[in-house]
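Written out below as structure tokens is the structure these notes cover.
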Amino acid sequence: MKLLNSTARASSAVLAGALLLGSLTACGGGSSQATAKVDTSTLTLAIDSDSASFGFDPLRVSAAQRQFFEGLYDSLMALQPDGSAGPGLAKEFSYNADNTVLTLTLKDDVTFTDGSKLDAELVKANLDRRSDPALSAYSAVAKGGAQEITSVDVVSPTQVALTFAKPQPGFEKNLASTTGMIVGKNGVTDSASLAATPAGSGPYTLDPSTVKGNKYVMVKKADSPDASRYAFDKVIFSVVQDPQARANALVSGQADVAMLTSSTVDFAKSKGVGVSQIGGTVNTMISFDKIGKTAPAFAEEKVRQAIQYAINRQALVDALHKGDIPAWNALPKDSAGFTEDLETTFAYNPEKAKSLLAEAGYPDGFDFTIIASAQTQTDLQAVQKDLAAVGITMNVKMASSTDEAFAAVATTPLGYAPLNWDNPVGVMYGAVLNGFTNVQKATDEQLSAATGELAAATDDAAVKAAATKLNTRLVESGWMIPLYEALTNQGYNTRKVAPVEFAGTNAYPLLSSYTPAS
């Protein structure tokens, strides 16, 4: 039996909320100008999207929403401050000789908000939901996934065994995010109930003052064994989609912590706000339609490549994202798969773009529509001008509702969102190959093979080789059209909150990492 330790890196897959819509109103929080004793009972975070737009089933989201769901649910493994995987609902684990069976030993004193208790039967009931295609967190472990779980067996009331289709050494790290979150018995039995009511064992409960889509109020459970790890008695997630509105909320004291874009960092700093930063998030256009169902031109790889050549990434960054990095790679600079070759291969070349369009049968260009939000509109308008210069008309339509934003994956050929690649295999199987960005069920043998190689890689050389193949194919296929690598910025009220720390390379800090200023 192996005790959990800090050597296994945590899983982080992520499609962040650029495709989502939320309220522009920030709520709660104390004033940053206050001179009285700091109130540490409440922490208000201004976030850029509605993490619970699908309801409160943590398996319907990916790791980009982990921080939000961390308050309501516990995971089988727990993400540690250094980015590794540590004890969670499972206190120990062991593999069989060929790494095809992972046995978890569970805690025996965990109670869920619905009154149910943690045991092996409950864990099995959760993981047996993996055939549900709506549960994106399970896509990699579902039938046909690179990390397919073929069976979940109860060994004893406190032990459960996961059997894989092929060896999965190090799989425990995948259980440190939403994939490992466990839902109580009532939620598993009646999953529809999770649309309105969480059923978790996390340190917080959802307060009735919550306004869905606007603010989510979580109150700490005094009897939670992990309560002492969380400094604030109440946490409010305030959905503020507009970047400047989030910065304003932080500066005015309506929010204590806010997700800042590069364009608002200097403004926030000038007002005395603290800012913590980390790289690794690539803002990329994602081809939803690779078979031409919504726009026939997108069925041609040369058309998607033409878009790569048509975009002046350096000009985009210089004009709108000062301090960020132009990106021709789908993976970030610190990734094992990053290659400078792509920077020259797909360098800005409008004439090459026009030539490819002609070869693909579109010498006069074509038109299509992309759905934008307040957060993505400016970038898309800049790209719109570049594409127009080569004959492509991209109509930028502002989403009128959250439903329209989500429907875009099936109704439009191209989207735009930030992706964090801390766990490339998770991103590929959770969002790109089998996930919700591929509702047309397009296939690419090279992408599938490279993802499989990366999942099976056991040493640095193998990881680098597979990741480079994956990165290169993502770009040359046009499944990803990267624009720039952004620094993730967490602004914080220095009078109330200590400097924000990230968990390894994860772009979303642990909820437990927010502590009062000393």
Side-chain angles (χ1 to χ4, degrees), residues 15-21 48-49 241-247 259-267 279 281-288 295 297-298 303-330 332-333 342-343 346-354 356-357 362 365-399 405 408 412-419 474-475 478-489:
L15 185 63
L19 299 176
L20 314 182
L21 294 177
D48 65 349
S49 63
Q241 192 205 15
D242 182 75
Q244 188 60 53
R246 285 198 304 279
M259 297 175 63
L260 300 177
T261 60
S262 58
S263 62
T264 60
V265 166
D266 287 345
F267 163 76
T281 299
V282 179
N283 284 259
T284 183
M285 302 181 84
I286 304 169
S287 292
F288 294 151
F298 277 80
V303 166
R304 302 193 298 270
Q305 289 178 341
I307 295 175
Q308 300 277 26
Y309 286 109
I311 298 172
N312 190 336
R313 292 161 172 85
Q314 186 65 59
L316 174 71
V317 168
D318 290 344
L320 301 174
H321 300 284
K322 182 181 179 181
D324 290 328
I325 308 167
W328 292 266
N329 282 253
K333 278 188 173 292
L342 289 173
E343 296 183 357
F346 289 97
Y348 177 53
N349 189 338
E351 294 307 313
K352 177 72 171 177
K354 292 177 183 179
L356 285 168
L357 288 173
Y362 295 90
F366 62 94
D367 66 89
F368 70 97
T369 297
I370 190 168
I371 301 299
S373 66
Q375 187 165 339
T376 63
Q377 182 183 19
T378 304
D379 281 356
L380 291 178
Q381 288 172 338
V383 173
Q384 182 183 47
K385 293 178 181 178
D386 285 343
L387 296 185
V390 300
I392 300 173
T393 300
M394 182 175 77
N395 302 302
V396 179
K397 183 181 184 300
M398 295 296 292
T412 61
L414 196 64
Y416 179 40
L419 285 180
L474 278 171
V475 176
W479 279 45
M480 292 287 166
I481 303 171
L483 299 182
Y484 69 96
E485 181 177 346
L487 291 175
T488 297
N489 309 288

(request) Decide if atom NZ of Lys397 counts as having more than 12 heavy atoms of other residues, nucleotides or ligands within a radius under 6.0 Å. (result)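 Result for NZ/Lys397: enclosed.
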Sub-4.5 Å side-chain heavy-atom contact between [X] and [Y]:
X	Y	value
Pro243	Met259	no
Met480	Ile286	yes
Asp379	Leu320	yes
Thr412	Phe288	yes
Met394	Val383	yes

Rounded to the nearest 0.5 Å, how far apart are [atom1] of [X] and [atom2] of [Y]?
X	Y	atom1	atom2	value
Met285	Arg304	CE	CZ	13.5 Å
Ile481	Thr284	CD1	OG1	7.0 Å
Leu260	Thr488	CG	OG1	11.0 Å

(message) Looking at every heavy atom in both Ala310 and Tyr348, which two are closest together, and how far apart are they?
(response)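 Nearest heavy atoms, Ala310 then Tyr348: O-CE1, 3.3 Å.
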(request) Give a yes or no on whether the ring-centroid distance for Phe346 and Tyr309 is below 6.0 angstrom. (result)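 Yes.
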(message) Parallel, tilted or perpendicular: which one describes the rings of His321 and Tyr484, with boundaries at 30° and 60°?
(response)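 The arrangement is parallel - the two ring planes meet at less than 30°.
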(request) Please determine which of Glu343, Glu485, Gln314 meets the side-chain contact (heavy atoms from CB on, under 4.5 Å) test together with Pro326. (result)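 When Glu343, Glu485, Gln314 are each tested with Pro326, the side-chain contact (heavy atoms from CB on, under 4.5 Å) holds only for Gln314.
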